[in-house]
Amino acid sequence: MVELKNLENGFSYLEVSNSSSSAKIALQGAHVFEYKRGEEEDILWLSETSAFELGTAIRGGIPVCWPAFGMNNPDLPQHGFSRTALFEFVNSKEISKDETQVCLRLRDTQESLKLWNYKFELELIVRVSDTLSLELKTTNRDTQEFKLTQALHTYFNVSDISNAVVKGLKGKPRLDALRGIVFIQENDIKFDEEFDSVFQKVNNEIILGYKDRKVSIINEGSSSVVVWNPWIEKGARMSGMRAEAYREFVCIESANAYEDFRVLKPNESHSLKATIH
Ligand code: TA6
(Lines give C-alpha, C1' and ligand atoms only; values in the text may rest on other atoms or scores of the structure.)
Protein backbone atom coordinates (compact mmCIF):
# COMPACT_ATOMS: atom_id res chain seq x y z
CA MET A 1 0.00 0.00 0.00
CA VAL A 2 1.24 3.54 -0.72
CA GLU A 3 -0.22 6.56 1.02
CA LEU A 4 0.66 10.24 0.52
CA LYS A 5 1.12 11.99 3.86
CA ASN A 6 1.35 15.77 4.33
CA LEU A 7 2.86 17.53 7.33
CA GLU A 8 1.32 20.84 8.41
CA ASN A 9 4.32 22.71 6.95
CA GLY A 10 3.59 21.30 3.48
CA PHE A 11 6.32 18.66 3.63
CA SER A 12 4.96 15.53 1.89
CA TYR A 13 6.10 11.94 1.89
CA LEU A 14 4.95 8.52 0.74
CA GLU A 15 4.31 5.81 3.30
CA VAL A 16 4.88 2.37 1.73
CA SER A 17 3.81 -0.80 3.50
CA ASN A 18 3.40 -4.46 2.54
CA SER A 19 3.54 -7.84 4.26
CA SER A 20 7.36 -7.87 4.49
CA SER A 21 8.45 -4.30 5.00
CA SER A 22 7.69 -0.60 5.11
CA ALA A 23 9.38 2.62 3.99
CA LYS A 24 8.94 6.38 3.97
CA ILE A 25 10.03 8.47 0.97
CA ALA A 26 9.94 12.28 0.95
CA LEU A 27 8.82 13.94 -2.29
CA GLN A 28 11.53 16.50 -1.63
CA GLY A 29 14.71 14.92 -2.90
CA ALA A 30 12.99 11.54 -3.55
CA HIS A 31 14.56 10.88 -0.16
CA VAL A 32 14.06 7.43 1.38
CA PHE A 33 14.28 8.25 5.07
CA GLU A 34 12.92 5.10 6.68
CA TYR A 35 13.05 1.39 5.79
CA LYS A 36 11.86 -1.30 8.17
CA ARG A 37 11.93 -5.04 7.55
CA GLY A 38 9.51 -6.91 9.81
CA GLU A 39 10.43 -6.39 13.46
CA GLU A 40 14.14 -5.90 12.76
CA GLU A 41 16.19 -2.91 13.92
CA ASP A 42 16.29 -0.16 11.24
CA ILE A 43 18.93 -0.67 8.57
CA LEU A 44 18.90 3.05 7.71
CA TRP A 45 19.95 5.75 10.20
CA LEU A 46 17.86 8.89 10.57
CA SER A 47 18.83 11.80 12.80
CA GLU A 48 16.35 12.39 15.62
CA THR A 49 16.85 16.11 15.13
CA SER A 50 16.63 16.22 11.33
CA ALA A 51 14.47 18.96 9.84
CA PHE A 52 11.48 17.91 7.75
CA GLU A 53 10.93 21.17 5.94
CA LEU A 54 11.03 22.32 2.34
CA GLY A 55 14.44 23.63 1.38
CA THR A 56 16.40 21.67 4.00
CA ALA A 57 17.83 18.22 3.23
CA ILE A 58 16.87 15.45 5.67
CA ARG A 59 19.88 14.24 7.71
CA GLY A 60 19.98 10.48 7.30
CA GLY A 61 18.23 7.89 5.15
CA ILE A 62 19.34 7.95 1.49
CA PRO A 63 20.01 11.47 0.16
CA VAL A 64 20.13 11.64 -3.65
CA CYS A 65 23.26 13.58 -4.59
CA TRP A 66 22.77 14.71 -8.22
CA PRO A 67 23.90 16.00 -10.77
CA ALA A 68 27.13 16.25 -8.77
CA PHE A 69 28.77 14.28 -5.98
CA GLY A 70 30.41 16.46 -3.32
CA MET A 71 32.11 19.37 -5.05
CA ASN A 72 32.84 17.37 -8.22
CA ASN A 73 31.11 20.26 -10.01
CA PRO A 74 32.31 23.49 -8.32
CA ASP A 75 29.54 25.46 -10.10
CA LEU A 76 26.90 23.59 -8.10
CA PRO A 77 26.07 23.35 -4.38
CA GLN A 78 27.71 20.49 -2.40
CA HIS A 79 26.09 17.26 -3.65
CA GLY A 80 24.13 19.07 -6.40
CA PHE A 81 20.55 20.35 -6.14
CA SER A 82 18.30 17.25 -6.21
CA ARG A 83 18.24 16.86 -2.39
CA THR A 84 15.94 19.87 -1.98
CA ALA A 85 14.10 19.65 -5.30
CA LEU A 86 10.44 18.63 -5.34
CA PHE A 87 9.97 15.34 -7.22
CA GLU A 88 6.59 14.27 -8.54
CA PHE A 89 5.06 10.96 -7.47
CA VAL A 90 4.60 9.19 -10.82
CA ASN A 91 3.13 5.83 -9.84
CA SER A 92 3.29 2.81 -7.56
CA LYS A 93 2.86 -0.89 -8.23
CA GLU A 94 2.22 -3.81 -5.89
CA ILE A 95 4.71 -6.29 -7.42
CA SER A 96 3.48 -8.92 -4.96
CA LYS A 97 2.00 -9.04 -1.46
CA ASP A 98 5.47 -8.43 -0.07
CA GLU A 99 7.03 -6.09 -2.66
CA THR A 100 5.99 -2.56 -3.63
CA GLN A 101 7.52 -0.35 -6.33
CA VAL A 102 7.34 3.44 -6.31
CA CYS A 103 8.52 5.84 -9.03
CA LEU A 104 9.35 9.54 -8.47
CA ARG A 105 10.53 11.95 -11.17
CA LEU A 106 12.27 15.31 -11.50
CA ARG A 107 12.55 17.33 -14.69
CA ASP A 108 14.46 20.53 -15.43
CA THR A 109 12.83 23.79 -14.31
CA GLN A 110 13.59 27.46 -14.85
CA GLU A 111 15.40 27.37 -11.50
CA SER A 112 17.42 24.24 -12.30
CA LEU A 113 18.39 25.61 -15.74
CA LYS A 114 19.89 28.67 -14.01
CA LEU A 115 22.04 26.35 -11.87
CA TRP A 116 22.83 23.67 -14.49
CA ASN A 117 21.86 24.58 -18.02
CA TYR A 118 20.73 21.16 -19.28
CA LYS A 119 17.32 19.61 -19.87
CA PHE A 120 17.03 16.27 -18.11
CA GLU A 121 14.72 13.68 -16.62
CA LEU A 122 15.66 12.05 -13.33
CA GLU A 123 13.69 9.10 -11.98
CA LEU A 124 14.08 7.24 -8.72
CA ILE A 125 12.52 3.79 -8.81
CA VAL A 126 12.35 2.24 -5.32
CA ARG A 127 11.44 -1.38 -4.61
CA VAL A 128 10.51 -2.12 -1.01
CA SER A 129 10.51 -5.75 0.17
CA ASP A 130 12.85 -7.73 2.40
CA THR A 131 15.40 -6.09 0.11
CA LEU A 132 15.49 -2.34 -0.57
CA SER A 133 16.53 -1.48 -4.11
CA LEU A 134 16.92 1.94 -5.68
CA GLU A 135 17.47 2.81 -9.32
CA LEU A 136 18.46 6.42 -10.04
CA LYS A 137 17.92 6.86 -13.77
CA THR A 138 19.18 9.97 -15.55
CA THR A 139 18.10 10.74 -19.12
CA ASN A 140 19.67 13.55 -21.13
CA ARG A 141 16.78 15.51 -22.70
CA ASP A 142 19.08 18.21 -24.02
CA THR A 143 20.80 18.73 -27.37
CA GLN A 144 24.23 18.81 -25.66
CA GLU A 145 26.00 16.02 -23.82
CA PHE A 146 26.54 16.51 -20.10
CA LYS A 147 28.88 15.15 -17.42
CA LEU A 148 27.30 13.54 -14.40
CA THR A 149 28.59 12.57 -10.96
CA GLN A 150 26.14 11.33 -8.32
CA ALA A 151 25.61 9.19 -5.24
CA LEU A 152 22.95 7.42 -3.25
CA HIS A 153 24.40 8.75 0.02
CA THR A 154 23.09 6.03 2.35
CA TYR A 155 23.33 6.44 6.13
CA PHE A 156 23.46 2.98 7.73
CA ASN A 157 22.57 2.40 11.37
CA VAL A 158 25.46 0.69 13.21
CA SER A 159 24.14 1.12 16.77
CA ASP A 160 27.69 2.11 17.86
CA ILE A 161 30.58 2.98 15.51
CA SER A 162 32.95 0.84 17.59
CA ASN A 163 31.09 -2.24 16.31
CA ALA A 164 31.20 -1.34 12.61
CA VAL A 165 33.35 -3.13 10.00
CA VAL A 166 33.14 -2.55 6.23
CA LYS A 167 34.29 -5.46 4.07
CA GLY A 168 34.78 -5.66 0.28
CA LEU A 169 37.09 -2.69 -0.29
CA LYS A 170 40.42 -4.43 0.42
CA GLY A 171 42.82 -3.98 -2.53
CA LYS A 172 40.84 -1.05 -4.02
CA PRO A 173 42.36 2.34 -4.89
CA ARG A 174 41.32 4.76 -2.12
CA LEU A 175 41.24 8.56 -2.39
CA ASP A 176 41.48 9.80 1.19
CA ALA A 177 39.61 13.11 0.89
CA LEU A 178 40.94 14.27 4.27
CA ARG A 179 44.63 13.80 3.43
CA GLY A 180 44.37 14.26 -0.38
CA ILE A 181 46.30 11.05 -1.03
CA VAL A 182 45.55 7.92 -3.07
CA PHE A 183 46.70 4.45 -1.98
CA ILE A 184 45.53 0.82 -2.03
CA GLN A 185 43.27 -0.14 0.88
CA GLU A 186 45.02 -2.96 2.69
CA ASN A 187 42.36 -4.26 5.07
CA ASP A 188 38.73 -4.18 6.15
CA ILE A 189 37.60 -0.77 7.40
CA LYS A 190 37.09 0.00 11.09
CA PHE A 191 36.54 3.45 12.56
CA ASP A 192 38.57 5.30 15.20
CA GLU A 193 38.78 8.77 13.59
CA GLU A 194 37.10 10.88 10.89
CA PHE A 195 36.86 8.79 7.71
CA ASP A 196 36.03 10.27 4.27
CA SER A 197 37.26 8.24 1.31
CA VAL A 198 36.25 7.36 -2.25
CA PHE A 199 37.08 3.86 -3.47
CA GLN A 200 37.40 3.13 -7.19
CA LYS A 201 37.23 -0.07 -9.30
CA VAL A 202 34.57 -1.47 -6.98
CA ASN A 203 32.41 -4.03 -8.79
CA ASN A 204 31.71 -6.37 -5.90
CA GLU A 205 29.43 -6.74 -2.90
CA ILE A 206 30.14 -4.55 0.11
CA ILE A 207 29.31 -5.92 3.54
CA LEU A 208 28.64 -3.74 6.58
CA GLY A 209 28.91 -5.75 9.79
CA TYR A 210 27.99 -4.56 13.29
CA LYS A 211 26.97 -6.45 16.44
CA ASP A 212 25.35 -9.61 15.05
CA ARG A 213 24.06 -7.84 11.91
CA LYS A 214 25.33 -8.10 8.35
CA VAL A 215 24.07 -5.73 5.62
CA SER A 216 24.84 -6.39 1.96
CA ILE A 217 25.17 -3.57 -0.60
CA ILE A 218 25.37 -4.45 -4.29
CA ASN A 219 25.74 -1.63 -6.82
CA GLU A 220 25.22 -1.56 -10.58
CA GLY A 221 26.12 1.21 -13.01
CA SER A 222 28.79 2.28 -10.54
CA SER A 223 32.43 1.48 -9.85
CA SER A 224 32.98 3.95 -6.98
CA VAL A 225 31.93 3.72 -3.34
CA VAL A 226 32.23 6.46 -0.73
CA VAL A 227 32.67 5.65 2.98
CA TRP A 228 32.18 8.44 5.52
CA ASN A 229 31.93 9.03 9.21
CA PRO A 230 32.42 12.59 10.53
CA TRP A 231 33.76 11.49 13.94
CA ILE A 232 33.74 13.84 16.92
CA GLU A 233 34.85 17.25 15.71
CA LYS A 234 33.05 17.34 12.34
CA GLY A 235 30.09 15.48 13.85
CA ALA A 236 29.62 18.37 16.28
CA ARG A 237 29.48 20.80 13.33
CA MET A 238 27.06 18.83 11.12
CA SER A 239 23.61 20.34 10.64
CA GLY A 240 20.51 18.38 11.62
CA MET A 241 22.12 15.96 14.08
CA ARG A 242 23.18 15.75 17.72
CA ALA A 243 26.93 16.05 18.28
CA GLU A 244 27.27 12.49 19.63
CA ALA A 245 25.16 11.02 16.80
CA TYR A 246 28.35 10.40 14.79
CA ARG A 247 28.60 7.18 16.81
CA GLU A 248 25.35 5.81 15.38
CA PHE A 249 25.98 5.63 11.63
CA VAL A 250 28.33 4.94 8.74
CA CYS A 251 27.68 6.26 5.26
CA ILE A 252 28.38 3.75 2.48
CA GLU A 253 27.49 5.53 -0.73
CA SER A 254 26.76 3.93 -4.10
CA ALA A 255 28.33 6.47 -6.45
CA ASN A 256 29.58 7.67 -9.77
CA ALA A 257 32.19 9.93 -8.16
CA TYR A 258 35.48 11.50 -9.33
CA GLU A 259 36.99 9.39 -12.16
CA ASP A 260 33.84 7.22 -12.21
CA PHE A 261 31.90 10.15 -13.78
CA ARG A 262 29.53 9.46 -16.69
CA VAL A 263 28.95 11.48 -19.86
CA LEU A 264 25.45 11.25 -21.33
CA LYS A 265 24.84 12.18 -24.95
CA PRO A 266 21.42 13.56 -25.97
CA ASN A 267 18.67 10.97 -25.28
CA GLU A 268 21.13 8.66 -23.52
CA SER A 269 20.26 7.30 -20.05
CA HIS A 270 22.35 5.98 -17.17
CA SER A 271 21.09 4.12 -14.11
CA LEU A 272 22.89 3.98 -10.77
CA LYS A 273 21.46 1.05 -8.80
CA ALA A 274 21.87 -0.01 -5.19
CA THR A 275 20.42 -3.17 -3.66
CA ILE A 276 20.49 -3.30 0.12
CA HIS A 277 19.69 -6.48 2.06
O1 TA6 B 1 30.03 11.79 1.17
C2 TA6 B 1 30.83 12.33 2.19
C3 TA6 B 1 30.60 13.84 2.26
O4 TA6 B 1 30.98 14.45 1.06
C5 TA6 B 1 31.38 14.37 3.46
O6 TA6 B 1 32.52 15.08 3.06
C7 TA6 B 1 30.34 15.24 4.17
O8 TA6 B 1 30.34 16.54 3.66
C9 TA6 B 1 29.06 14.47 3.85
O10 TA6 B 1 29.21 14.12 2.48
C11 TA6 B 1 27.79 15.17 4.20
O12 TA6 B 1 27.58 16.25 3.36
P13 TA6 B 1 26.30 17.19 3.62
O14 TA6 B 1 26.27 18.12 2.46
O15 TA6 B 1 25.10 16.27 3.68
O16 TA6 B 1 26.52 17.83 4.94
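Just so you know, ligand 1 is whichever comes first in the structure, and atom 1 is the first atom listed for that ligand.
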Mind listing the N or O contacts between ligand 1 and protein, cut-off under 3.5 Å?
{"unit_1": "ligand 1", "atom_1": "1 (O)", "unit_2": "H153", "atom_2": "NE2", "d": "3.0"}
{"unit_1": "ligand 1", "atom_1": "1 (O)", "unit_2": "E253", "atom_2": "OE1", "d": "2.9"}
{"unit_1": "ligand 1", "atom_1": "1 (O)", "unit_2": "E253", "atom_2": "OE2", "d": "2.9"}
{"unit_1": "ligand 1", "atom_1": "4 (O)", "unit_2": "H79", "atom_2": "NE2", "d": "3.4"}
{"unit_1": "ligand 1", "atom_1": "6 (O)", "unit_2": "D196", "atom_2": "OD2", "d": "2.6"}
{"unit_1": "ligand 1", "atom_1": "8 (O)", "unit_2": "Q78", "atom_2": "NE2", "d": "3.0"}
{"unit_1": "ligand 1", "atom_1": "10 (O)", "unit_2": "H79", "atom_2": "NE2", "d": "3.0"}
{"unit_1": "ligand 1", "atom_1": "10 (O)", "unit_2": "H153", "atom_2": "NE2", "d": "3.1"}
{"unit_1": "ligand 1", "atom_1": "12 (O)", "unit_2": "Q78", "atom_2": "NE2", "d": "3.3"}
{"unit_1": "ligand 1", "atom_1": "14 (O)", "unit_2": "Q78", "atom_2": "NE2", "d": "3.4"}
{"unit_1": "ligand 1", "atom_1": "14 (O)", "unit_2": "R83", "atom_2": "NH1", "d": "3.4"}
{"unit_1": "ligand 1", "atom_1": "14 (O)", "unit_2": "R83", "atom_2": "NH2", "d": "3.0"}
{"unit_1": "ligand 1", "atom_1": "15 (O)", "unit_2": "R59", "atom_2": "NH1", "d": "3.0"}
{"unit_1": "ligand 1", "atom_1": "15 (O)", "unit_2": "R83", "atom_2": "NH1", "d": "2.8"}
{"unit_1": "ligand 1", "atom_1": "16 (O)", "unit_2": "R59", "atom_2": "NH1", "d": "3.4"}
{"unit_1": "ligand 1", "atom_1": "16 (O)", "unit_2": "R59", "atom_2": "NH2", "d": "3.2"}

Side-chain atoms of residues 163-171: list all donor-acceptor pairs with protein atoms under 3.5 Å, sequence neighbours left out, distances to 0.1 Å.
{"unit_1": "N163", "atom_1": "ND2", "unit_2": "S159", "atom_2": "OG", "d": "3.1"}
{"unit_1": "N163", "atom_1": "ND2", "unit_2": "D160", "atom_2": "O", "d": "3.3"}
{"unit_1": "K167", "atom_1": "NZ", "unit_2": "D188", "atom_2": "OD2", "d": "3.0"}

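Between F11 and F52, the ring-plane angle classifies as perpendicular under the 30° and 60° cut-offs.
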Go through the steps to decide whether Y118 and D108 satisfy the test side chain to side chain contact (heavy atoms under 4.5 Å, CB included), and finish with yes or no.
CA-CA 7 Å; Y118 297 103; D108 52 276; over 6 Å; no
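For residues 267-277, the set of pairs meeting the salt bridge (Lys or Arg N to Asp or Glu O under 4.0 Å) definition, not counting sequence neighbours, is empty. Applying the ring pair (Phe, Tyr, Trp, His ring centres under 6.0 Å) test to residues at least two apart or on different chains, none of the pairs has a partner in residues 257-277.
Side-chain atoms of S197 and R174 include a donor-acceptor pair closer than 3.5 Å.
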